[in-house]
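All remarks here apply to the structure that follows.
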Amino acid sequence: MPNATYTFPHNFLWGTATASHQVEGNNLYSDWWHWEQQPGKIKEGHTSGLACDWWGGRYLEDFDRMVAGSQNAHRLSVEWARIEPTPAFWDEDALDQYRQMLLALKARNIQPMVTLCHYCHPQWFLEMGGWQNPQSVAQFERYARKVVNTLGDLCDCWLTLNEPNAYVFQAYMDGNFPPGKKDMNAAFEVGTNLFRAHVSAYHAIHNLQPGAQVGWALYVLLLDPANPASWFDQQVTDQQHRLFNDAWPSGYVTGEYQTLLKAIPVPQAKGALDWVGLNYYQRQLVRFNPLQPTHLFGERFSHPQDEKSETNFISIHPQGLLRVIKWGAQLGLPMYITENGVEDSTDRIRPRFLAQHLRALWLACMQNYDVRGYFHWTLVDNFEWERGWTQRFGLYALDTATQTRTARPSAHMYAKICRENALSSAVVAEYAPEVLAQLFP
Ligand code: FCB
């Protein structure tokens, strides 16, 4: 039996990540609420409903779960549609509820990271053209200012936009998210405005709070050519990587946002980032396919050797996390793993998923990559967008009818890891013995 401990750096942040629409419930003025009411948009006709009832006050018991789980940080989002339910009308009660939430985290010694926009917008914003409207950049900046002015005494770590790259894809190419378009031109237009929106919010936040730490979180899709010896596979892989993963980080260096055919100058983007948020779930292979122009002639699929998650949503490739961190390090900024997790209602896969990914993360730390924290997706089963309640990502299972939470074994496992600031062979032997020999050779 091996006996070893992989210890993480001092002051490492351990937590979970959540998003307002997915946990709060009754998010009535949002584009997602409207979208969910339309037939055929969400799997099995599910709706977010009460979600995890955080808006009804159950955030308190979940914050207690974070404490019981020895977590010292939490990534949560505030909801634009609640704070500004009609243009330029600020709902001070909603802001006050967020104040109470941040105070409750503070009272528990849990450091907040606050996302300003996690996939969800006010319905009025969408009706005015959403991110296709050139005014969207100023509208977002106005909202960011209001939030930072009101809550800045309780938080200095801000995440402007969650996964703008995945959002563009889902909302303007695949059409799974509101407004449900399939229009490549619109997608690049929206991508550019999102990029500009981050940049102007970044400067506005620093103006109000000079010590603020402002970042974004990208969905980093690790891509490998299906046949490494094929020039065509390599070309389409590089092209998808360049547009999907690289456009945001390189824009920060060059001051230009890269679209398909041209680079759009956004000079103020240079340096407009204090840290990098990496959401890592999976890798995919890319094969040249002349019949797929809307996917830039690259067809994506899973590597046959990568394990699939419960609903085939994720092709699990834990070593990829180290590669993603090396890629993120090109900016020379601190990094956070702002999301990583797997849907697994029976907790058959999650314990080894955690162990394998945290081993890769530890290796990155030992190689001196500046990763400052890990936020597991997620604490309690939540509303998973167009997949509704069919996917269970929680360390805790949720019974939506009664709002009862039940700890999965992974909750206990993650608590030990957070408490010890380490991944030990003892924990892996207890919760994921099948990977013990692989992780502790
Ligand atoms: C990420 C989203 C998050 C959640 C997980 C499973 O891409 O940011 O809201 O849905 O996937």
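Every number for a ligand or one of its atoms is a count from 1 in the order of the listing. Here the structure is a predicted model, which is why all the values come from computation and not from measurement.
Within 4.0 Å of ligand 1, heavy atoms belong to protein residues Q22, H118, Y119, N162, E163, Y219, Y281, E339, W377, E384, W385, R387, F393.
Listed by chain and residue number, H241 satisfy the ring pair (Phe, Tyr, Trp, His ring centres under 6.0 Å) test with W327 (two or more places apart in sequence, or in another chain). Taking Y98 as the reference, W55 meet the ring pair (Phe, Tyr, Trp, His ring centres under 6.0 Å) condition, with sequence neighbours excluded. By the side-chain contact (heavy atoms from CB on, under 4.5 Å) test, Q100 is found to be paired with Y59, D96, L103, residues two or more places apart in sequence or in another chain being considered.
Ring geometry for Y143 versus F140: interplanar angle of 30 to 60°, hence tilted. Using bins of under 30°, 30° to 60° and over 60° for the plane-to-plane angle, the ring pair H376/F353 lands in the perpendicular bin.
Side chains of Y414 and W14 form a contact here, defined as non-hydrogen atoms less than 4.5 Å apart.
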